[in-house]
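As structure tokens, the structure follows; a few thoughts come after it.
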Amino acid sequence: MVDCPGATGLYTYQLAEHLKVKPGDVLSVPFGSQQLGAIAVRLLSEQPDQLQSAQIRTVDTLISAGFFTASYWQLLERLAAHYQTPLIQVIRTALPPGLLAKSKRRIRLASQPDSSRLSQLTDSAQQLLSRLQQSPTADYSWRYLQKQSRTAYRDLQQLLQQGWVESYLATPRPPRPKQQQAVSLVAHDPCLADLTRRQQEILAVLQRHGGDCWLSEALQLCRTTATTLKGLAAKGCLIIESREVLRTTHGAQGDRDRPKTLTSHQQAALAAINPLSGFASVLLHGVTGSGKTEVYLQAIAPILQAGCSALVLVPEIGLTPQLTDRFQARFGDQVCVYHSALADGERYDTWRQMLSGHPQVVIGTRSAVFAPLPKLGLIVLDEEHDSSFKQDQPIPCYHARTVARWRAELENCPLILGSATPSLESWLQVKGAEAEETSRGGEAEREPAEKSSESDERQGGQKITDPKATTPPATGSPSQLPRSPLPHSLYLSLPQRIHTRPSPPIEIVDMRRELGVGNRSIFSRTLQRSLQAMQDAGNQGILFIHRRGHSSFVSCRSCGYVIECPRCDVSLAYHQPHSQARPTLKCHYCGHAQGHPAACPECGSPYLKRFGSGTQRVVSELAKQLPDLRCIRFDSDTTRTKGSHRALLSRFAQKEADLLVGTQMLTKGIDLPQVTLVAVMAADGLLYMSDYWAAERTYQTITQVAGRAGRGDQPGRVIVQTYTPEEPTIVAIEKQDYAAFASAELAQRKALGYPPYGRLVLLRLSSLDAIAVEHTAEKVAIALEKDYLSELVSERDYTILGPAPAPILRVAQRYRWQILLKLTLGVALPDIASLRQHCPDRVSFAIDVDVLNLF
DNA sequence: AGCACGCCGACT
DNA sequence: GTCGGCGTGCTC
């Protein structure tokens, strides 16, 4: 199976004598004019009839062996089928990047331009040429140049034809084990007489250090040169050889930590988990600070003892240095970290190390669900409600929670889902009908929310193909709803914090009343007083804002013009630079950045005003109102560089600041005992992002930040500022009643047929060509209804919404359209992958099964 | 993805 | 009659 889009089916290759290949091995093979990655599927004893010997080419190299076990193949096939993705794409995501390398087409300046053919060039071709001539290497990938402008393709054709540039195929270079020179003393006593005094000294030093080390270390140790050591090697006193070295970074080896005494709830949970031997899905519902990590650690210990490995999945590794530290402190170098931010080489080495089968714990993000651990004994998915477990680009758009469940089933091992705020999906799975019990009141109040989510579906001039959709969608057919918990599922609860610390109360502050009494600040009076009190007591606090940057947009006071991104249909956000540098405007979608203009680009008025409040704005407002308060900003602007999370957090932990001001990142796995105050600036901001699960996300996010308060000896306090305190989600947050929130929200979802009572499948189309996407989307929607749904699915079990432009039509110069398909739960999704045939090359097409992000 | 092939319109 | 654009199909 070759890694080439459009090459469906299998191809036959020959093996050279010396190459031993088994099914599942990763290979590099010639294919057409290029060199591609491929997977060996089966070995043939004789040549297939329909092929002639001359047609069969020879496998080039064996890249990696022994990776696929039978259950692993099943996992990948299940993924391909469920997410409607070609199997090779799934294999691609499971392998470390670069392993399935292919030859790349590149462009370089012609060494000897064919002067006989040089003629007129268009302006854009000339521009491209001068760019190439000015660059130091004059060598770019074909793909990169194509992306530079709309006319790049034509320009390159012109330059190629006229002999200015030449194209060539660079051979693929899959990652390889890193080699390093090592020095080791030979066993026998060398004949000292033949050696100079300096040489004898060097041997003595090496001897004292164990007689075996890296060459670079030896040079430092003995203060000598490589030539000298080579001389010794020539005399037979030592051996210099290349040895494999793993590029894995092991965390700081601090003090080894011992298992902690457990609370009674922790003990009960562990007593339920430890006896599990086969597949089981456990929802560990532990309030923030209840000690879930300790349960994971003690659940994993016996697995390692039994010679098996464990997989721990977390939302974002950079955000949880404390978690990895704790695992490393407990299990030492049996722990390795695997995620996409690793350098390709590191990732490759870690991956190969996992194949070895040594008992180990792999901690990683979404993609680590594919970790090739041969003897898997347990999977833990921490913060299981977190949406970063869902991939929305590129295909396969898989959810690590779903894949982890399949994997646990196939490997026949337990799966632990941990969260303080479980996803409604997981909640329903363990609670069944119990989850849907009507909550105490609140039902009627939710009416407005229902209306808004209905109209959201049609925003942006959405065209409805299906007349059914103009009437309220069919309510879910009751027979298909889960009435009882799924088999093999278990609910375990940690309702109390460790050390019997109370969970902090949550105070809701009505910002409309603040305005009413003349407080126009973004900080309520309660918050101002609490900040002051916190500082006076020498405590620390966290301020949560759901948006980074300074203001969300910049607008002209004279003409109302809003400065927008030239590449996307969004306004640019204002960013205050650190020092005296010029303020900048940034696009949060494509990364475009530009200077802040002195005057309105539209009318020339100098009066530009910033609206909305991000982290920077809050920090500068704080500086005005509470000048003594020291703040650290914690968002993706200040934490972009490697290790900066850890650096900022440890500065805060060492009390270099009183207040941590930040975004979503604050909600995840931070344990700071000195924090007594947590404030949420505007809870509504989260609710307004109105997709069907905005309420769920709001509840989760706010509860998670609130959980950062009062983790030390002193009690915590949580203040949530809002303009809509009567909003049911806010009320549920105040009461800290997850079950009530869940049943009210589930009732909503049920009525509208949304997940987890229905399925959503999103077809995304995008192109540089605005007209082409729109036409293609129309064609695809019609084909979807006509060729797939109308024949295979009963009419009341599906609804097609769209095609419609994406809520933000243009991002990074690409126009995006989408078609949303809503299915009744339990109805099989027909194989719609072949819809791709309706898309011309310039329109890209993706199927997102069980979508979360509707943007 | 990359390349060859073949059809069709514009030009000598 | 020929050149070159672009859509189509194949690659073991």
Side-chain angles (χ1 to χ4, degrees), chain A residues 1-16 19 21 23 25-62 85-89 91-92 97-108 114 116-122 124-125 140-147 150-163 165-174 394-395 767-769 771-772 775-776 779 834 836-846:
Chain A
M1 178 163 39
V2 292
D3 178 25
C4 176
T8 50
L10 301 176
Y11 294 82
T12 308
Y13 283 83
Q14 233 175 359
L15 287 171
L19 212 58
V21 167
D25 289 355
V26 182
L27 310 171
S28 180
V29 297
F31 192 77
S33 61
Q34 36 181 3
Q35 196 72 20
L36 296 180
I39 309 288
V41 175
R42 58 177 170 264
L43 293 173
L44 303 177
S45 50
E46 49 196 75
Q47 184 175 321
D49 294 342
Q50 75 282 7
L51 282 178
Q52 283 153 24
S53 311
Q55 290 179 276
I56 304 180
R57 298 168 79 178
T58 308
V59 170
D60 197 61
T61 46
L62 171 64
T85 312
L87 183 58
I88 192 73
Q89 289 277 10
I91 294 174
R92 214 160 220 290
L99 205 67
L100 279 179
K102 65 170 64 181
S103 41
K104 297 230 165 60
R105 192 170 171 195
R106 297 185 67 84
I107 296 292
R108 66 185 164 214
D114 179 359
S116 67
R117 302 201 55 190
L118 301 180
S119 60
Q120 284 293 307
L121 288 172
T122 58
S124 56
Y140 287 98
S141 80
W142 170 262
R143 230 181 109 84
Y144 172 79
L145 289 177
Q146 298 268 331
K147 275 198 200 154
R150 204 180 292 243
T151 58
Y153 181 79
R154 271 162 220 260
D155 300 340
L156 275 173
Q157 295 277 16
Q158 243 183 78
L159 294 174
L160 275 165
Q161 245 165 42
Q162 302 190 13
V165 299
E166 55 195 22
S167 104
Y168 67 103
L169 281 169
T171 37
R173 210 172 43 81
I395 57 166
S767 173
L768 292 171
D769 182 339
I771 313 281
H775 285 168
T776 311
K779 271 201 308 199
S834 45
R836 191 179 304 276
Q837 76 193 35
H838 298 282
C839 295
D841 285 350
R842 61 192 185 283
V843 178
S844 53
F845 175 74

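In the text below, chain A, chain B and the rest are named by the order of the sequence lines, each starting its count at 1. Basis for what follows: all heavy atoms, side chains included, without hydrogens, waters or symmetry-related copies.
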task: Heavy atoms of chain A, cut-off under 4.0 Å: which first and last nucleotide of DNA chain B, 5' to 3', fall inside that, if you could look?
output: B:dA1 to B:dC3
- prompt: Can you tell if the side chain of A:Val26 reaches within under 4.5 Å of the side chain of A:Ile39, non-hydrogen atoms only?
  reply: yes
- prompt: Can you check whether A:Asp3 reaches A:Arg92 side chain to side chain, under 4.5 Å on heavy atoms?
  reply: yes
message: Within the 4.0 Å heavy-atom criterion, would you say A:Ile56 contacts the bases, only the backbone, or no part of the nucleic acid?
response: sugar-phosphate
query: So how far is it from A:Ile395 CD1 to A:Thr85 OG1, rounded to the nearest 0.5 Å?
result: 5.0 Å
message: Run the side chain to side chain contact (heavy atoms under 4.5 Å, CB included) test on A:Tyr140 and A:Val165 for me, step by step, so that the C-alpha distance in whole Å, both residues' side-chain angles and the decisive distance to 0.1 Å come before the verdict.
response: CA-CA 11 Å; A:Tyr140 287 98; A:Val165 299; over 6 Å; no
field: CH2 on A:Trp142 to CZ on A:Arg106, rounded to 0.5 Å
entry: 13.0 Å
message: For nucleotides 6-11 of chain C, give me one character per nucleotide, 5' to 3': B if any protein heavy atom sits under 4.0 Å from the base, S if the only such contacts are to the sugar-phosphate, - if neither.
response: S----B
field: Between CD on residue A:Gln55 and CD on residue A:Gln14, distance to nearest 0.5 Å
entry: 12.0 Å
- line: In this structure, CG of A:Leu19 is separated from OG1 of A:Thr58 (nearest 0.5 Å) by 10.0 Å
field: From A:Thr61 atom OG1 to A:Gln35 atom CD, the distance as rounded to the nearest 0.5 Å
entry: 7.0 Å
